[in-house]
Visitor: 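Below: one structure in structure tokens.
Every chain is numbered from 1 and lettered A, B, ... according to where its sequence line falls, protein lines coming before strand lines.
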Amino acid sequence: MQKYSPIELEKKWQKIWEETEIYQTPVDPKNPYYCLVMFPYPSGNLHVGHWYNFALADSLARYKKMQGYDLLSPIGFDSFGLPAENAAIKRGLAADQWTADNISQMKVQLKSIGAIYDWDRTLSTSDPEYYHWTQWLFLQFYQSGQAYQSEALVNWDPVDQTVLANEQVVDGRGERSGALVEKKRLKQWFFRITDYADELLDQLDNLDWHDNIKQMQRNWIGKSQGSQLGFAVKGKDLMIEVFTTRIDTLAGATFLVLAPEHDLVEKIVEDQYRAKVKDYQKQVASMTNLDRIQSDNKDGVFTGAYAVNPLTNQRMPVYIAEYVLPEYGTGAIMAVPAHDQRDHQFATKHGLEIIEVIDSGGAGVEEQAYEDEGLLINSERFNGLAKEEAKRAITQYLADTNRAKLVTNYRLKDWLISRQRYWGCPIPIIYCDKCGVVPVPEEDLPVILPLEQEFDNAADSPLKRHPDYLKLNCPACGDSNARRETDTLDTFVDSSWYFLRYTDNHNSQQPFNQDKVNQWMPVGHYIGGIEHAVMHLLYARYFTKALADLGLLEFREPFKRLTNQGTILGPDGQKMSKSKGNVVDPDQYVSQYGSDSVRTYLMFLGPFSQGGPWDDSRFEGITRFLTRLYSLVVDPYEPGDFEADQEMEMVQKLHATIKKLGQDLEELKFNTAVASLMELVSLMQDKKNQGVISNDVWHQSLKYLSLILAPITPHLAEEFWQHLGEEQSVHLQGWPAYDPEVIEQTELTIPIQINGKKRSEILVAQGLDREEVTRLVLDNARVQQLLEGREPDKIIVVPDRIVNIVLD
RNA sequence: GGGCGAGUGGUGGAAUUGGUAUACACGACGGACUUAAAAUCCGUUGCCUUAUUUUUUAUGGCUUGAGGGUUCGAGUCCCUCCUCGCCCACCA
């Protein structure tokens with residue numbers, strides 16, 4: 001009896017695989033398959049979630065390779081970002097060194113998975129070889145008008161004097177300073193993602209992604225069709241533009257509400273209300289976004305101005321209120337209190353008129369807004385129309401006098417890409433007093449991020465205080481007072497094209513060779529966490545489309561098929577977190593039980609997209625299985641009395657398992673793949689104990705077993721393969737073909753139901769037709785006994801499946 | 001408030017996509033091995049019922065969150081409701 005010692009065994013094979021370089025990516029793929037995992041941030045530790053993602057994706061990659069595909073399965077690091085900068089500030093470490101240390105530590109952990117990665121294909125976004133091309137792409141975007149500068153409302157931290165990303169605002173306070181975050185207008189860089197809003201929306205239909213993710217992207221893009229119309233302000237030559245999806249309710253619009261930040265407020269406010277308006281604006285500006293969303297109160301103040309309802313010519317007071325958001329639509333609404341609950345609350349609070357214009361069928365609109373369907377009333381010439389008809393008619397009526405038009409509105413905003421941060425990709429732009437905004441010439445790329453950097457903890461981008469970096473001669477006119485842009489790019493920019501770079505990661509002349517990128521892309525299967533459902537996946541799609549329009553790519557969608565794995569929870573069923581003390585360290589299990597065990601455990605946990613809590617007792621079940629498996633293959637087989645039936649049963653099971661495993665791996669149903677392997681192993685163990693299999697068939701069966709184990713437990717499979725006398729690696733073999741004729745059973749036991757309940761079963765030849773089966777069933781003694789002489793009303797026969805006898 | 005998804009034994013889950021519900025495992029119980037324990041191996045294990053019964057084996061009925069529907073047949077399809085999870089959200 002040999003003992004299964006996974007640690008030595010796995011180390012041995014990992015070393016051999018590396019030395020023999022069996023995982024090199026083919027240079028000229030004839031039959032390419034690109035299997036991609038979302039690259040990790042180099043935090044310094046590979047956690048269980050990474051394992052779940054990478055190890056199981058590796059099984060898919062291995063299966064694809066065995067199927068004969070030319071495989072690209074790379075890994076890299078999303079290595080720009082705030083944690084490195086914080087480490088630099090808090091612990092005085094150099095950000096690049098901290099990052100490099102973490103990457104080398106994570107490479108060791110990644111190698112312990114025993115994955116198929118081609119380490120020559122790796123990349124890090126903070127590597128100048130990489131960000132050279134991020135900058136180059138930015139310049140292409142700038143030249144084509146996709147990148148532009150504009151003022152924007154941003155999260156401003158008044159203590160640190162810096163802009164914060166939304167993710168850096170926690171409960172309305174700055175993550176580091178703890179100060180209440182304000183909104184402020186500042187000049188920022190943007191990508192024109194809204195140009196692609198419709199395409200990003202429409203092409204979702206053609207993607208093999210889960211509906212959930214598609215729906216999240218649709219919500220994010222937030223397309224809505226409506227009308228934009230102008231309301232004249234009394235006594236002023238001004239129009240207030242409003243976006244509405246319910247222009248049919250126009251006659252019921254009794255007041256207007258502007259966002260407190262709206263530009264026109266200044267111009268329309270009457271003197272006696274000015275002080276109150278200013279006070280209110282200040283109050284709202286100091287509110288956190290969270291407060292503003294969560295508070296349900298309908299506070300607001302009157303501006304003293306009146307507008308005119310273009311349909312009824314009624315006078316409409318103009319208010320400002322926090323419940324109208326500056327970013328959406330035009331930042332102003334027409335309020336229809338009878339048919340919108342928010343407007344209703346506001347009207348009730350401020351004593352404003354409520355006019356029913358959609359027939360509520362007697363429900364009334366005094367207590368609450370009537371938001372259901374109905375025909376128009378109190379709407380002059382439009383009375384009696386239904387919703388859609390009314391929308392068209394009213395828009396048409398107002399369009400004739402140029403006061404309304406049909407518009408499409410999106411929730412999606414242009415992508416704000418500049419960050420006042422140090423550890424990011426420098427934006428290759430120069431400001432010159434004489435020439436204005438000057439892009440860095442391509443031959444001067446990359447703009448290298450200075451590694452020697454003083455951090456003084458207090459303020460905005462430390463690059464502003466780096467004289468060598470900041471000041472330079474203008475490349476256009478030579479003026480010596482030119483300054484570099486000190487903002488860096490949002491790290492989502494780095495990760496929006498890394499999958500393209502993998503196809504040609506050593507190219508020093510271009511971001512990628514076009515032939516290569518078009519050969520490998522789009523990605524065959526992209527696997528990663530659901531937390532990237534919107535941002536990363538939307539940005540990567542946008543990048544692909546924009547680059548296709550620049551003529552750099554021949555495809556417009558990067559990821560044909562996407563799977564989001566579930567979350568592995570702590571043993572207590574809660575999300576793992578250091579503060580809860582429920583973090584499971586995969587290294588501990590790998591160093592004790594080996595990679596194959598951790599892989600198989602994670603596979604067997606449940607459906608891949610579901611995740612679930614870590615459970616030690618189940619883990620032991622897996623090591624038990626692998627130990628049994630090891631002894632099944634390695635302990636010698638001693639044939640006894642050969643029995644053809646038993647051998648046939650085993651061979652059948654073997655072929656059925658080959659078929660099942662292939663289907664399951666293709667669909668990422670790892671849990672049932674492992675279950676069917678367990679069934680096969682139990683059966684083989686049983687036959688081995690009995691010694692009823694001929695020597696040749698036994699040996700052959702073990703070879704098949706090793707082959708189908710290869711994607712799942714790659715180390716163990718390799719060990720078995722060698723044990724069986726093979727010289728070449730199991731990972732260079734083809735996926736075995738199953739024999740459909742072997743699987744097909746000549747005789748089947750099918751159930752006999754009476755009135756839908758199983759009462760008996762019968763053994764019939766495979767493929768027997770309805771009449772034959774019916775005759776056999778009726779002749780069956782047990783069936784006759786059950787029928788007690790009653791005549792069947794009807795007999796349903798589904799060949800090879802079931803018989804149902806229907807009695808009255 | 002809107003969207004998506006889920007609810008199956010003590011537990012994780014499976015179910016050929018409308019055709020034998022509970023595969024595979026964990027746990028539990030019983031047994032073998034052992035001076036003993038661990039490990040390992042073998043057996044039992046949805047619930048209720050009735051009969052026989054130290055062991056044993058049968059009999060009938062019920063069962064996929066609740067209720068209704070379609071169907072010869074529903075975990076699966078349709079309707080209503082309940083609960084949970086995730087995402088979005090004063091979105092005009």
Visitor: Students often get this wrong, so: under 4.0 angstrom with heavy atoms, is A:K214 touching a base, only sugar-phosphate, or nothing?
Guide: nothing
Visitor: With sugar-phosphate meaning primed atoms plus P, OP1 and OP2, does A:G621 contact a base, only sugar-phosphate, or nothing at under 4.0 Å between heavy atoms?
Guide: sugar-phosphate
Visitor: Which one, B:A23, B:A89, B:U20, comes nearest to the side chain of A:E679?
Guide: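 So the nucleotide nearest the side chain must be B:A23.
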Visitor: Find the partner of B:G85: check Watson-Crick (N1-N3 plus N6-O4 or O6-N4) and G-U wobble (N1-O2, O6-N3) distances, both under 3.5 Å, and reply none if neither fits.
Guide: B:C4
Visitor: Please check the phosphate of B:G61 (OP1 and OP2 only) for any side-chain N or O of A:R759 closer than 4.0 Å.
Guide: yes
Visitor: Would you please confirm or rule out a distance under 4.0 Å between OP1 or OP2 of B:C91 and any side-chain N or O of A:N409?
Guide: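 No, because none of the side-chain N or O atoms of A:N409 sits under 4.0 Å from OP1 or OP2 of B:C91.
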Visitor: From the options B:C72, B:A92, B:A14, select the nucleotide whose nearest atom is closest to the side chain of A:N671.
Guide: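 Nearest to the side-chain atoms of A:N671, counting from C-beta on, is B:A14.
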Visitor: Looking at B:U40, which nucleotide sits across from it as a Watson-Crick or G-U wobble partner, both distances under 3.5 angstrom, or is there none?
Guide: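 Result: B:A32.
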Visitor: What nucleotide, of B:C88, B:U20, B:C72, holds the atom closest to the side chain of A:I796?
Guide: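 Side chain of A:I796 sits closest to B:C72.
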Visitor: Do A:F625 and A:F604 have their ring centres less than 6.0 Å from each other?
Guide: no
Visitor: In this structure, how many angstroms lie between the P atom of B:A25 and the CE atom of A:M603, rounded?
Guide: 17 Å
Visitor: Toward the 5' end of RNA chain B, which comes first, A:R618 or A:N755, by nearest nucleotide?
Guide: A:R618
Visitor: Does a nitrogen or oxygen in the side chain of A:R801 sit under 4.0 Å from OP1 or OP2 of B:G73?
Guide: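 The answer is no; no side-chain N or O of A:R801 sits under 4.0 Å from OP1 or OP2.
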Visitor: Using whole Å, report how far OH of A:Y328 lies from C1' of B:C91.
Guide: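 The answer, rounded to whole Å, is 4 Å.
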Visitor: When the C1' atoms of B:G19 and B:U80 are considered, how many whole Å apart are they?
Guide: 28 Å
Visitor: Return the set of residues passing salt bridge (Lys or Arg N to Asp or Glu O under 4.0 Å) with A:E761 (not counting sequence neighbours), or none when no residue passes.
Guide: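 Per chain and number, A:E761 pairs via salt bridge (Lys or Arg N to Asp or Glu O under 4.0 Å) with A:K758.
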Visitor: Can you tell me the distance, in whole Å, between the NZ atom of A:K688 and the C1' atom of B:C41?
Guide: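 Computing the A:K688:NZ to B:C41:C1' distance gives 14 Å.
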Visitor: Any cation-pi pair here, A:K298 with A:Y323, using under 6.0 Å and within 45°?
Guide: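 Judged by the rule (NZ or CZ under 6.0 Å from the ring centre, within 45° of its axis), A:K298 counts as positioned above A:Y323.
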Visitor: Can you tell me which nucleotide in B:G13, B:G5, B:A23 comes closest to the side chain of A:P607?
Guide: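 Given the options B:G13, B:G5, B:A23, the side chain of A:P607 is closest to B:G13.
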Visitor: Keeping the roles fixed (side chain from A:S609, backbone from A:Q565), state whether a donor-acceptor pair exists under 3.5 Å.
Guide: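 Flag not set: sc A:S609 to bb A:Q565 has no pair under 3.5 Å.
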Visitor: Select from A:R628 and A:I802 the residue whose nearest nucleotide in RNA chain B is closer to the 5' end of that strand.
Guide: A:I802
Visitor: For A:K758, report the nucleic acid contact type (base, sugar-phosphate, nothing); a contact means any heavy atom under 4.0 Å.
Guide: base
Visitor: Please check if the distance between the ring centroids of A:Y52 and A:F608 is under 6.0 Å.
Guide: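 For A:Y52 and A:F608, the ring centres are under 6.0 Å apart.
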Visitor: Give the rounded distance in Å between these two atoms: CD of A:Q217 and C1' of B:C4.
Guide: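 A:Q217 atom CD is separated from B:C4 atom C1' by 14 Å.
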Visitor: Between the base of B:C72 and the side chain of A:N804, is there a donor-acceptor distance below 3.5 Å?
Guide: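 Check passes, donor-acceptor contact within cut-off.
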Visitor: Measuring only the C1' atom in each nucleotide, how far is B:A15 from B:U64? A whole number of Å is fine.
Guide: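 Nearest-Å result for B:A15 against B:U64 at atom C1': 11 Å.
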Visitor: How far does the C1' atom of B:G69 sit from the matching atom of B:U59, given to the nearest Å?
Guide: 33 Å
Visitor: Is there a side-chain contact between A:R342 and the phosphate of B:A92, meaning an N or O under 4.0 Å from OP1 or OP2?
Guide: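 Indeed not, no polar side-chain atom of A:R342 lies that close.
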Visitor: May I have the distance from A:D343 (atom CG) to B:C90 (atom P), rounded to whole angstrom?
Guide: 15 Å
Visitor: At under 4.0 Å between heavy atoms, what does A:T627 touch on the DNA or RNA strands: base, sugar-phosphate, or nothing?
Guide: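 No contact at all - A:T627 keeps every heavy atom at 4.0 Å or more from the nucleic acid.
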Visitor: Is it true that A:Y593 and A:F619 have ring centroids separated by less than 6.0 Å?
Guide: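 Judged by ring-centre distance (under 6.0 Å), A:Y593 and A:F619 do meet the cut-off.
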Visitor: Can you check the A:L748 CG to B:U16 P distance for me, whole Å?
Guide: 18 Å
Visitor: What is the distance, rounded to the nearest whole Å, between atom CD of A:E371 and atom C1' of B:G1?
Guide: 9 Å
Visitor: What's the gap between B:G67 and B:U83 when it is taken at their C1' atoms, as a whole Å value?
Guide: 15 Å
Visitor: Taking only the side-chain heavy atoms of A:S617 (C-beta and beyond), determine which of B:C91, B:G27, B:C90 contains the nearest atom.
Guide: B:G27
Visitor: Please state how far atom CG in A:D800 lies from atom P in B:U20, giving the value in whole angstrom units.
Guide: 14 Å
Visitor: Have a look at A:I750 and say if it touches a base, only the backbone sugar-phosphate, or nothing, with a 4.0 Å heavy-atom cut-off.
Guide: nothing
Visitor: Across all strands, who's sitting opposite B:U57 as a Watson-Crick or G-U wobble pair, both distances under 3.5 Å?
Guide: B:A51
Visitor: Name the nucleic acid region contacted by A:D615, choosing base, sugar-phosphate or nothing; use a 4.0 angstrom heavy-atom cut-off, strictly under.
Guide: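 Answer is nothing: A:D615 stays at 4.0 Å or more from every strand.
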Visitor: Would you mind telling me which of B:U20, B:C24, B:U17 lies closest to the side-chain atoms of A:P751?
Guide: B:U20
Visitor: From the options B:C24, B:U17, B:C90, select the nucleotide whose nearest atom is closest to the side chain of A:K298.
Guide: B:C90
Visitor: Are a donor atom and an acceptor atom from the side chains of A:Y410 and A:D198 found within less than 3.5 Å of each other?
Guide: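 Yes, side-chain donor-acceptor contact under 3.5 Å.
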Visitor: When you compare B:G65 with B:U56, how far apart are their C1' atoms, in angstrom units rounded to a whole number?
Guide: 38 Å
Visitor: Which whole number of Å gives the distance between the P atom of B:C29 and that of B:G7?
Guide: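 It works out to 30 Å between them.
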Visitor: Across the strands shown, which category fits A:R218 at heavy-atom distances under 4.0 angstrom: base, sugar-phosphate, nothing?
Guide: nothing
Visitor: Using the C1' atom as the reference point in each nucleotide, state the distance between B:U35 and B:U44 in Å, no decimals.
Guide: 29 Å
Visitor: Run the salt-bridge test on A:K688 and A:E638 with the 4.0 Å N-O cut-off and return the result as yes or no.
Guide: no
Visitor: B:C24, B:G27, B:U20: which one has an atom nearest the side-chain heavy atoms of A:M678?
Guide: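 When the side chain of A:M678 is considered, B:C24 is the closest of B:C24, B:G27, B:U20.
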Visitor: A:Q215 side chain N/O closer than 4.0 Å to the phosphate oxygens (OP1, OP2) of B:C88?
Guide: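 It does not, given that no N or O in the side chain of A:Q215 lies less than 4.0 Å from OP1 or OP2 of B:C88.
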Visitor: Looking at the angle O4'-C1'-N9-C4 for a purine or O4'-C1'-N1-C2 for a pyrimidine, is B:G46 syn or anti, with syn meaning within 90° of 0?
Guide: anti
Visitor: Which part of the nucleic acid, if any, lies within reach of A:V806 when heavy atoms closer than 4.0 Å are counted: base, sugar-phosphate only, or nothing?
Guide: sugar-phosphate
Visitor: For B:G75 versus B:C87, give the span between their P atoms, rounded off to a whole number of Å.
Guide: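 That atom pair is separated by 33 Å.
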Visitor: Looking only at side-chain N and O atoms, does A:K757 come under 4.0 Å of OP1 or OP2 in B:U20?
Guide: no
Visitor: Pairing check on B:U11: which nucleotide meets the Watson-Crick or G-U wobble criteria with it, both distances under 3.5 Å?
Guide: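 Partner of B:U11: B:A25.
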Visitor: Taking O4'-C1'-N9-C4 for purines and O4'-C1'-N1-C2 for pyrimidines, is B:U17 syn (within 90° of 0) or anti?
Guide: syn
Visitor: A:P586: what forms a side-chain contact (heavy atoms from CB on, under 4.5 Å) with it, not counting sequence neighbours?
Guide: A:V48, A:W51
Visitor: Would you classify A:Q753 as touching base, sugar-phosphate or nothing, given that sugar-phosphate means primed atoms plus P, OP1 and OP2, and contacts are heavy atoms under 4.0 Å?
Guide: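 A:Q753: base contact, heavy atoms under 4.0 Å.
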Visitor: Looking at A:T194, is its backbone amide N or carbonyl O close enough to the side chain of A:D414 to form a donor-acceptor pair, meaning the two atoms are under 3.5 Å apart?
Guide: yes
Visitor: Counting the atoms with a prime plus P, OP1 and OP2 as sugar-phosphate, which does A:P613 contact under 4.0 Å by heavy atoms, base, sugar-phosphate, or nothing?
Guide: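 It contacts nothing in the nucleic acid.
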